[in-house]
Amino acid sequence: MTLHNDTFLRALMREHTDFTPVWLMRQAGRYLPEYCATRSKAGSFMGLAKNPDYATEVTLQPIDRYGIDAAILFSDILTVPDAMGLGLSFVQGEGPVFAHPVQDEAAVKALAVPDIEDKLGYVTAAVRSIRRALDNRVPLIGFSGSPFTLACYMVEGRGSRDFRTAKTMMFRRPDLFERILDINADAVADYLNAQIAAGAQAVQIFDTWGGMLADGDFQRFSLVATKKVVSRLTREADGAKVPVIVFTKGGGEWIEEIAACGCDAVGLDWTTNLARARRVTEDRVALQGNMDPLALFGDEKTIRSEVRRVIDAFGPVGMGGHVFNLGHGINQFTPIENVQILVDEVHEYSRHQHI
């Protein structure tokens with residue numbers, strides 16, 4: 001079946017587009033009243049994520065409201081370690097917490113790649129359900145956390161500002177930490193391939209914490225494992241290419257190296273100069289980003305100006321290669337009307353800049 005709007009996929013493959021496509025990280029989230037209503041029905045975040053009907057409902061909400069150019073599977077980056085038996089829960093005011101963090105040699109040796117269909121079948125069921133509900137309006141993005149980002153949570157046992165426990169293992173017992181990364185890489189590759197088989201038309205790897213590593217450590221502990229995942233991914237399904245996006249928050253220092261990992265697109269956070277990123281990658285990959293999420297708290301004039309600044313920084317529209325996005329997830333307190341201003345301005349302004 002032909003997509004009614006395939007601009008997002010064509011931009012990722014650096015093909016001609018009539019306008020710049022836009023989607024937003026965390027576009028289905030707490031800033032939307034309809035999301036909050038559905039989450040209330042589900043009873044909890046994981047109750048929402050593990051119910052394919054609810055996951056479908058919230059995935060489509062921003063598409064229906066704003067006319068965004070791609071849907072992204074509603075799930076969480078920590079579903080993989082949860083499937084490994086670490087016991088994920090979300091504690092009010094604390095965020096994700098694992099009942100069984102991986103903090104010693106025995107725990108590391110006990111880790112194994114989970115059976116995806118057995119342990120994460122609710123995710124692939126959601127992908128299939130979302131594809132049916134989308135009815136080929138826009139593409140569906142699947143995703144996973146990167147091996148390094150997952151390892152940070154698995155060792156720490158929860159979110160952290162500095163992941164001191166995880167980095168202590170990384171420096172004191174790099175052998176153990178690298179074993180976790182190897183297992184995570186295999187698990188993430190299996191997980192993303194299962195999403196692709198179920199109907200995901202592009203996938204994104206969220207390396208949320210890669211940017212907290214020093215140069216040299218990033219390459220050793222984050223990029224090597226990400227490359228392993230990318231090398232194992234299914235890149236064509238149903239006769240169509242399946243593009244891969246790698247997003248490292250704080251990764252502006254390593255854009256060229258990330259671009260060389262085998263991905264089709266590099267996601268950029270808002271601290272990165274988009275024009276420089278395009279120069280150094282020389283159009284070898286598409287670029288995604290990268291407006292500051294908090295610019296959405298400005299007035300209408302400011303939001304439109306920020307949108308134009310990002311589009312102008314990338315360069316002429318029409319050649320393909322740019323997907324508009326925020327530099328990280330949308331803030332939960334974002335005024336909903338401001339998101340519509342952003343989406344409309346991306347579409348309208350980029351059409352006028354078309355070559």
Side-chain angles (χ1 to χ4, degrees), residues 25-32 35-36 38-40 42-51 54-55 58-59 72-104 107-108 110-114 116 119-123 126 142-170 177 180-181 183-185 187-188 191-192 195 204-213 221-222 225-226 247-250 269 293 328-333:
M25 287 184 273
R26 214 177 287 146
Q27 64 189 21
R30 289 175 288 178
Y31 75 105
L32 287 176
Y35 168 89
C36 293
T38 306
R39 178 167 171 163
S40 179
S44 68
F45 177 86
M46 289 308 289
L48 193 61
K50 290 190 174 185
N51 183 307
Y54 286 146
V58 295
T59 298
I72 182 164
L73 163 72
F74 182 82
S75 188
D76 190 80
I77 64 169
L78 299 180
T79 51
V80 169
D82 184 47
M84 293 177 177
L86 272 61
L88 175 65
S89 62
F90 285 81
V91 177
Q92 188 71 30
E94 284 192 56
V97 175
F98 284 116
H100 311 292
V102 182
Q103 295 181 341
D104 57 33
V108 173
L111 282 178
V113 177
I116 301 300
K119 300 293 186 179
L120 291 164
Y122 64 90
V123 176
F143 74 93
S144 174
S146 72
F148 175 75
T149 291
L150 298 184
C152 286
Y153 286 104
M154 292 162 68
V155 178
E156 200 75 27
R158 62 187 63 236
S160 169
R161 288 188 175 183
D162 58 9
F163 286 97
R164 178 172 56 86
T165 304
K167 291 184 83 171
T168 296
M169 179 187 285
M170 187 183 87
F177 200 78
I180 298 172
L181 293 174
I183 292 168
N184 286 355
V188 168
Y191 183 47
L192 289 175
Q195 292 180 38
Q204 175 157 313
I205 299 169
F206 283 87
D207 188 28
T208 308
W209 298 114
M212 73 173 184
L213 290 168
F221 294 107
S222 179
T226 295
F247 171 69
T248 298
K249 184 172 178 282
D269 71 17
H328 197 231
I330 189 168
N331 185 280
Q332 72 177 95
F333 301 108

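Treat the numbers as computed from the prediction; the structure is a model and nothing was measured. Only heavy atoms go into these numbers, but all of them, side chains included; no hydrogens, no water, no symmetry mates. Along the sequence shown, the residues carry numbers beginning at 1.
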Determine whether [X] and [Y] make a side-chain contact, defined as any pair of heavy atoms from C-beta on separated by less than 4.5 Å.
X: V108; Y: F177; result: no
X: M84; Y: L111; result: yes
X: K119; Y: T79; result: no
X: R164; Y: T168; result: yes
X: I72; Y: T59; result: no
X: I180; Y: I183; result: no
X: V58; Y: L32; result: no

Find the distance between [atom1] ([X]) and [atom2] ([Y]) and round it off to the nearest 0.5 Å.
X: L181; Y: M170; atom1: CG; atom2: CE; result: 9.5 Å
X: I77; Y: D82; atom1: CD1; atom2: CG; result: 12.5 Å
X: R26; Y: N331; atom1: CZ; atom2: CG; result: 8.5 Å
X: H100; Y: L86; atom1: NE2; atom2: CG; result: 7.5 Å
X: W209; Y: K249; atom1: CH2; atom2: NZ; result: 5.5 Å
X: I330; Y: M25; atom1: CD1; atom2: CE; result: 11.0 Å

Report task. Carefully, step by step, assess F90 and V97 under the rule side-chain contact (heavy atoms from CB on, under 4.5 Å). Result -> CA-CA 6 Å; F90 285 81; V97 175; over 6 Å; no

Main-chain N/O of [Y] paired to [X] side chain as donor or acceptor, under 3.5 Å:
X: Q204; Y: S144; answer: no
X: S40; Y: C36; answer: no
X: D207; Y: F247; answer: no
X: Q332; Y: R30; answer: no

Which pair of non-hydrogen atoms, one from [X] and one from [Y], has the smallest distance, and what is that distance?
X: P147; Y: N184; answer: O-ND2, 3.1 Å
X: Q195; Y: L73; answer: OE1-CD2, 3.6 Å
X: A42; Y: G47; answer: CB-C, 3.8 Å
X: G250; Y: D269; answer: N-OD2, 2.6 Å
X: M154; Y: P81; answer: CG-CB, 3.5 Å
X: L213; Y: K167; answer: CD2-CE, 4.4 Å

Between [X] and [Y], is the gap from one ring center to the other below 6.0 Å?
X: F333; Y: Y31; result: no
X: Y153; Y: F163; result: yes
X: F221; Y: F148; result: no

Requested in this report: In sequence, state the C-alpha distance, the side-chain angles, and the governing distance for Y54 and F74, and then conclude on side-chain contact (heavy atoms from CB on, under 4.5 Å).
Outcome: CA-CA 9 Å; Y54 286 146; F74 182 82; over 6 Å; no

Query raised in the report: Would you say the side chains of S146 and T149 form a donor-acceptor pair under 3.5 Å?
Result: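 Yes.
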
Query raised in the report: Using 4.0 Å as the upper bound for N to carboxylate O, is an ion pair formed by D76 and K50?
Result: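 No.
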
Requested in this report: Before giving the answer on side-chain contact (heavy atoms from CB on, under 4.5 Å), spell out for I116 and V123 the whole-Å C-alpha distance, their side-chain angles and the decisive distance to 0.1 Å.
Outcome: CA-CA 9 Å; I116 301 300; V123 176; over 6 Å; no

Query raised in the report: Could you walk me through whether S75 and F143 pass the side-chain contact (heavy atoms from CB on, under 4.5 Å) check?
Result: CA-CA 9 Å; S75 188; F143 74 93; 3.9 Å; yes

